[in-house]
Every structure is written in C-alpha cells, then in structure tokens.
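Working notes for the structure below.
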Amino acid sequence: MTESRGVLAGYRVIDCSIAMAGPFAAQRLGDLGADVIKVEPTTGEWQRHAAAGGATGNEINVSFLSLNRNKRSVALDLKNADGKHALRELIAGADVFLQNYRPGVAARLGVDYESLRAINPSIVYVSISGYGEDGPYRDRPGQDLLLQAMSGAMLSAGRHGDEPAPAGQYLADAVTASTAFEGVLAALLHRERTGEGQLVTVNMLDALTTLQMQELSAEPHAHVYIRAPYGVFATSDGFVALAFADLHELGRLIGEPSFEGWNSEVEGWTRRDEIHAKTAARLREKPAGYWIETLGAAGMWIGPVHGYQELVDDPQIVHNGTFIEYDHPTEGHVKTPGFPYRFSQTPPQLYRGAPLVGEHTREILAEAGLDDERIEALLASGAARSTDPVPAEA
C-alpha cells in the first residue's frame, strides 16, 4: 500500500454495486486515489460466487479480483435495521454513493436519492440501471447480452444473412462503467464549483446506443461498410487487419495486376466483393509478418490480429506498461490490465488488491464514529461481518 496522491485523493466513495458495470466504475475512481468502500452483504457480493469462465481463484475468484482492486470492504446486512443504520452513518461522511440495485430496491432499503440527500445534501448519487429509472422496460433484466441484442449492434455487423453475434467482450457493461465514471467526475466538478450534490442516472441501453453515434447517424451498417479492401484477412500463418489501402499500390505489392488504374473511391465501392476476394487470395500466399512489413512500409494501414497472449507480449503494450503486476495475500502473483490514462502530476496507482469479505469492516465503522462496543455488537448480531486480513507475507 502507498499513500494516495491521486487526483481523487480525499474523496470517499460508497460502492453498493454488484456484477461488472458498477464495480468497474468504482474501481476506476479508486485507481485515481479515491477511498472506495465496497459495501457487501455478509455473505459477500454476488460476483464473488459467480466466476466468469469458472476462474474461482483461491479465496477470491478472478472476476471479482479484476473489478475490485483499490477498495476496502465492509460487510453489512442491509435487511437488518442496525446494519442499515450503520450504512447511513457511512454515507453521511461520503462524497459519492453508487448503486445498481434493481428498480425499487434502493427505496425499500432506505438508500434512494431523496433519503440520502436528507442526511448528506452534497452527495453525488449515481444510479445505474439496465433501461432507465422508469418507462416500459424499467423492470426488465439489465444483462449485457440482452442489451447488446437490443442496441442494434448485433444486426449491424457481419455479412447479410449471418446470424447476429455479440461482441467478444461484455461491451454493454464496460461502456456503462465508463459512462458512470464520467458522470461521477462531472458531478464532482459541479460540486466543487457550486457546493451542490446531485443525482446522476446512467442506463446500459442509452450508454450502448450513444456509443454508436456514427453508425446510427451516418451509415446503414456497422463500421465494416467502408470501401474495399477493408477487413480481416487470412495469411499463410495467421491474420492481418487491412484498411483503406490504395488499390493501385496494393495491387502492385500483392501481385494483383487487375487493380492497376482502379480508383479507390470508385471501384473501391462498386467492386467491393471482387476486391475483397482477390485481396484475400493474394494475402493467403505469404505470412502475416511479411505483409505487415511490406504493406506497412508503403504507408498502408495494416496490423496484426492478436490473441490475448500476443497482446500481453506485444512490444508497444510492454513499452506502455499497460499491464500491472502485484502480489495479493491470497491469490498470489497477479498480472492484470492497469490504467488507460496517464497523469503527469497525479498518476493512477495500485494501492491494494481486491479485499476479502468484510476485511475492513472494523476500521471503516470506526472511522465513521462507531465505538468499539457498538461495532462488536453489530458483529455479534450478524448485522455486520469482519474477516481478518491475511498478512502480506503469507
């Protein structure tokens, strides 16, 4: 652990979210130095028990590990009046409250915006939902695959007649996390200027729809509807991505004489299938490295198609320091994607790995002003849970 000197040092975030979108947004805030307190049920957050790909880890599964670094954990039973009251005391001293409960749950727990604003008028309250806070789809499940399907993204990509296919990532969750992160920063800036807190609502449907600004505004299909050659092509030993190549020069370099004299902005549109087929046939003749070097030297836009291991080992990724490594008390040596931005004065940092359930319950409640007797009473009654931290050298 190091002392925070990040741009958000001094801000406290109460993270009552689960799964991916909310925890990922809160993690970004923690990376920038905010004190992020993850509020979990006494049994632990849902994602601790639902490991993507079956990657269960030792004490903390990989899904949870990847989305909850730079946080402290307090475990409270919010169905218990004492646990709920303890949470409200934490919120009284916080700057940001973030939740992605199902519609109606926050009000039932007494942690809706109006209730929290009454005890902390300057709170920045972030509510993440699948489709919106109200409206005809309010109660539908906000799950990534369903949102990708509804957003138009699946049908806009691929070839005519292909079955719709989702992105290879949890795209709706990731975009929503970034949108919520942006919303927090903007609301905190407003509060710095005016002293005024506010409600920020983010929903997955709008986040993924507005991501497709160009596709929905300018083109009838996804970004592959561009003059040929444009796409991913097989080579003798792998694949390359090729975009916007000048047809005359491309034909010379790949040995395709029929491209001679063709205008990229004319035949590139009118003979798209023919160009694609001939380019594909030529590129299969030699390895990917040869084409990247040869076409790249001519100024063409070409690059490799990486798997994850190739990505991790890529020289530019290594140079950028895109991945960070650290030793976790229960999970051992961890290598994981780091920070997507750099700050010259207040760099993002790794302060701690993902916590155990309730690892910081005692210290967080003490910071909120609860005395030892009351903390022990909460633990004894089951309204709170504490897990002793594992020594770093263990």
Side-chain angles (χ1 to χ4, degrees), residues 1-4 6 8-18 22-23 26 29-30 33-45 48 59-60 68-99 101 105-126 191 195 197 329-330 351-392 394:
M1 281 187 57
T2 59
E3 183 180 353
S4 172
L8 294 181
Y11 289 97
R12 175 165 287 186
V13 177
I14 305 298
D15 175 17
C16 281
S17 64
I18 66 169
L29 297 170
D35 176 19
V36 179
I37 296 174
K38 184 172 186 67
V39 179
E40 305 187 61
T42 53
T43 54
E45 194 240 296
R48 289 185 184 273
E59 298 294 326
I60 300 174
N68 289 281
R69 68 176 177 232
N70 286 337
K71 300 180 185 181
R72 296 188 291 164
S73 170
V74 57
L76 298 171
D77 180 1
L78 299 186
K79 296 179 182 178
N80 181 298
D82 292 334
K84 189 184 305 183
H85 187 64
L87 174 60
R88 290 169 67 86
E89 291 183 71
L90 293 179
I91 292 166
D95 301 286
V96 177
F97 179 83
L98 191 151
Q99 57 90 354
Y101 295 126
V105 172
R108 190 161 66 246
L109 294 174
V111 292
D112 55 294
Y113 176 59
E114 293 302 326
S115 297
L116 298 194
R117 184 171 67 164
I119 62 174
N120 185 346
S122 65
I123 194 78
V124 169
Y125 186 110
V126 183
R191 197 183 74 170
T330 64
Y351 302 100
R352 52 168 58 89
L356 301 175
V357 181
E359 181 176 338
H360 307 94
T361 295
R362 281 190 169 90
E363 70 180 56
I364 290 169
L365 294 179
E367 290 169 5
L370 282 68
D371 60 29
D372 290 345
E373 182 179 356
R374 187 173 168 206
I375 292 171
E376 294 306 320
L378 286 169
L379 295 172
S381 70
R385 172 183 169 184
S386 176
T387 301
D388 291 333
V390 176

Judged by atom type as modelled, is there a donor-acceptor pair below 3.5 Å linking the side chain of [X] to the main-chain atoms of [Y]?
X    : Y    : value
R12  : G93  : no
E45  : E40  : no
D15  : V36  : no
N70  : Y351 : yes
T387 : G358 : no
T361 : A75  : yes

Test of understanding: with salt bridge (Lys or Arg N to Asp or Glu O under 4.0 Å), list the residues that count as partners of R108, not counting sequence neighbours. none

From [X] [atom1] over to [Y] [atom2], what is the distance, rounded to the nearest 0.5 angstrom?
X    : Y    : atom1 : atom2 : result
D77  : K84  : CG    : NZ    : 9.5 Å
I123 : R191 : CD1   : CZ    : 7.5 Å
Y101 : L109 : OH    : CG    : 5.5 Å
S386 : L378 : OG    : CG    : 11.5 Å
K38  : K71  : NZ    : NZ    : 4.5 Å
R48  : E59  : CZ    : CD    : 10.0 Å

Heavy atoms only: give me the nearest [X]-[Y] pair and the separation to one decimal.
X    : Y    : answer
L365 : A86  : CD2-CB, 4.3 Å
P355 : I60  : O-CD1, 3.6 Å
G195 : S122 : O-CB, 4.1 Å
A34  : V13  : CB-CG2, 4.0 Å
S17  : G22  : OG-C, 3.0 Å
A384 : L76  : CB-CD2, 3.7 Å

Give a yes or no on whether a salt bridge exists between R117 and E114, defined as a side-chain N under 4.0 angstrom from a carboxylate O. yes

NZ/NE/NH1/NH2 to OD/OE distance under 4.0 Å, R352 and E359: no

Can R362 and L379 be said to form a side-chain contact (heavy atoms from CB on, under 4.5 Å), step by step? CA-CA 9 Å; R362 281 190 169 90; L379 295 172; 3.4 Å; yes

I'd like to check the side-chain contact (heavy atoms from CB on, under 4.5 Å) partners of S115; sequence neighbours left out, ordered by chain and number. R88, D112

Result of checking D35, L87, V96 against I14 for side chain to side chain contact (heavy atoms under 4.5 Å, CB included): L87

Residue D371 excluded, over 12 heavy atoms near CG under 6.0 Å: yes

Ring pair (Phe, Tyr, Trp, His ring centres under 6.0 Å) contacts touching residues 75-98 (sequence neighbours left out): F97-Y125

Min side-chain heavy-atom separation V111-L116 under 4.5 Å: yes

